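Down below is the structure, laid out as structure tokens.
Just so you know, these numbers come straight off a predicted model, no measurement behind them. Counting starts at 1 for both ligands and their atoms, following the listed order.
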Amino acid sequence: MSAGGGPAVNMRFEPSGGLSGSILAPADKSISHRAALLGAMSSEPVHIERYLRAADTRSTLQAARSLGALIEDHDGPVVVRGCGLREAREPDGPIDVGNAGTLLRMLPGWLAAQDGRSFTLDGDDSIRRRPVDRVIAPLREMGAELHARERRYPPLHVTGARLRAISFELEVASAQVKSCVLLAALAADGATTVSEPTRSRDHTERMLLRAGVPIERRGSRVSVVNTDELLLGEVRVPGDASSAAFLVAAGVLVAGSRLLIRDVGVNWTRTGFLRIVRRMRGIVLADLEEESEQLAAEEPVSDLDVAHGALEGTVVDGDEVPLAIDELPLVALLGCYAEGETVVRGAGELRVKESDRIAGVVDGLRALGAEIEGTDDGFAVRGGGGLRGGTLDARGDHRLAMMGAVAGLASREGVEVLGMDAAAVSYPSFVEDLEAVC
Ligand code: S3P
């Protein structure tokens, strides 16, 4: 069975000649989730232009509906008519988050503020292995009641309360956990502060600032003051830098390629992968946002102009990990083609993604001919020889499936991906887009 519950689809990707052409990047998954959730928490309608229509973000619309929001999802913008910060309705049964970890971690922040009402979140087999203890701890400290299977795994039960503001330090940088606390803080009784060891993606902070919420960031410490309502109005979702990364990798790896990927979000907290590629001497021309002390309200975009070229190995350390977390499998793939060694460390979080991505990357690429070793918190690749090809098991994980497809195009003998259908949770048109430029 696939991640979505249907039959698994296997697909072969043959070695390709140079890729050429232009692709509109699919809409950003992280920003789509946030726009739908903040829309559901608003009292005024929110119009979301270029909402990602994929399995994960459909789960968010469905969750919002079950909590009382009205959603118009036809052609064009999605319109969310929300319930207000404190007025989510108790649904008849469990809320099904499907395969969406971001929904699983962020939604409890809002639910925790629904005084006296109870909710259950559950999802597919992969979701039942995703830990939620890191959201349980801060929300309990704020006054809500939460229970999970073995204290750690879904189903997750939340009973809301009148919340206290807290000061909370995350041990591991996580945008999902940070966002969960920030959503709860909107209805707490004062100013809440969340700090992280290093910065993670800041889409929630930017959207809250745009919605008129008093929010500030200093370094990796964010403070937010409670509010009565969100005034978001309109959101335009940019292209997804993490989805675009698969096209970037294909363009960099396949000899003779020149690709333009249009309308990609280049928020500094999402472009760690592009900086890593450039450090590996990969050719990507783009107008990337610079790091800034000030919290920005906008989500900047740029086209990415990518060309094939020789690569050099690199080292990715812990402070860079949250800025490229979903693209680290691709760093391993690029490492197979780079001169010298490519090392990723401080990335233990990869073990609790849609699959254990350290095991999936190491076993998957080794089966295609890579010289790769796994460690507790990353991997090391000896590159230069490229990949022979073979069969890669996506393990129900969209990012492993898409990595396998790109590996096939760059390989000498082609790659069969077991479970290519997994890509549908974040990038439903991935295979079509590749076909269009092959
Ligand atoms: C996400 C944050 C990241 C990332 C995930 C999406 C988000 O997870 O891996 O795909 O939208 O906030 P963590 O914040 O748990 O590292």
> Of the choices H398, E327, Q176, H203, which has the non-hydrogen atom that lies closest to atom 1 (C) of ligand 1?
Replying inline: Q176
> Quick one: which of V225, L208, T227 gives a side-chain contact (heavy atoms from CB on, under 4.5 Å) with I215?
Replying inline: L208
>> Please list the nearest protein heavy atom to atom 14 (O) of ligand 1 with its residue and the distance rounded to 0.1 Å.
In response: A175 N, 2.7 Å
> Does R34 have a heavy atom less than 4.0 Å from any atom of ligand 1?
Replying inline: yes
> Identify the closest protein heavy atom to atom 11 (O) of ligand 1: which residue and atom is it, and at what distance?
Replying inline: S30 OG, 2.7 Å
>> Quick one, L67 and R89 - any side-chain contact, counting heavy atoms below 4.5 Å?
In response: no
> Crowded around R351 CZ? As in, over 12 foreign heavy atoms under 6.0 Å?
Replying inline: yes
>> Suppose we measure from atom 15 (O) of ligand 1 to each protein heavy atom; which comes out shortest, and what is that distance?
In response: S174 OG, 3.1 Å
> Do you know which of L103, L107, I127 makes side-chain contact (heavy atoms from CB on, under 4.5 Å) with L121?
Replying inline: L107
>> Working note: K353 + D397, criterion salt bridge (Lys or Arg N to Asp or Glu O under 4.0 Å); need CA distance, chi angles, decisive distance, verdict.
In response: CA-CA 9 Å; K353 293 296 175 189; D397 184 329; over 6 Å; no
>> If I apply the N/O under 3.5 Å rule, does A173 come out as touching ligand 1?
In response: no
> When you measure from atom 4 (C) of ligand 1 to every protein heavy atom, which one gives the shortest distance, and what is it?
Replying inline: D326 OD2, 3.3 Å
>> Has Y51 got a side-chain atom pairing as donor or acceptor with T57's backbone, closer than 3.5 angstrom?
In response: yes
>> Run E354 and R399 through salt bridge (Lys or Arg N to Asp or Glu O under 4.0 Å) and show every step you take.
In response: CA-CA 9 Å; E354 282 81 337; R399 304 215 193 262; 5.5 Å; no
> Under a heavy-atom criterion of less than 4.0 Å, does K353 contact ligand 1?
Replying inline: yes
>> To check your reading of the model: name the closest protein heavy atom to atom 6 (C) of ligand 1, its residue, and the distance in Å.
In response: T102 OG1, 3.4 Å
> Applying a 4.0 Å heavy-atom criterion (strictly less than), which segment of K178 is in contact with ligand 1: side chain, backbone, both, or neither?
Replying inline: neither
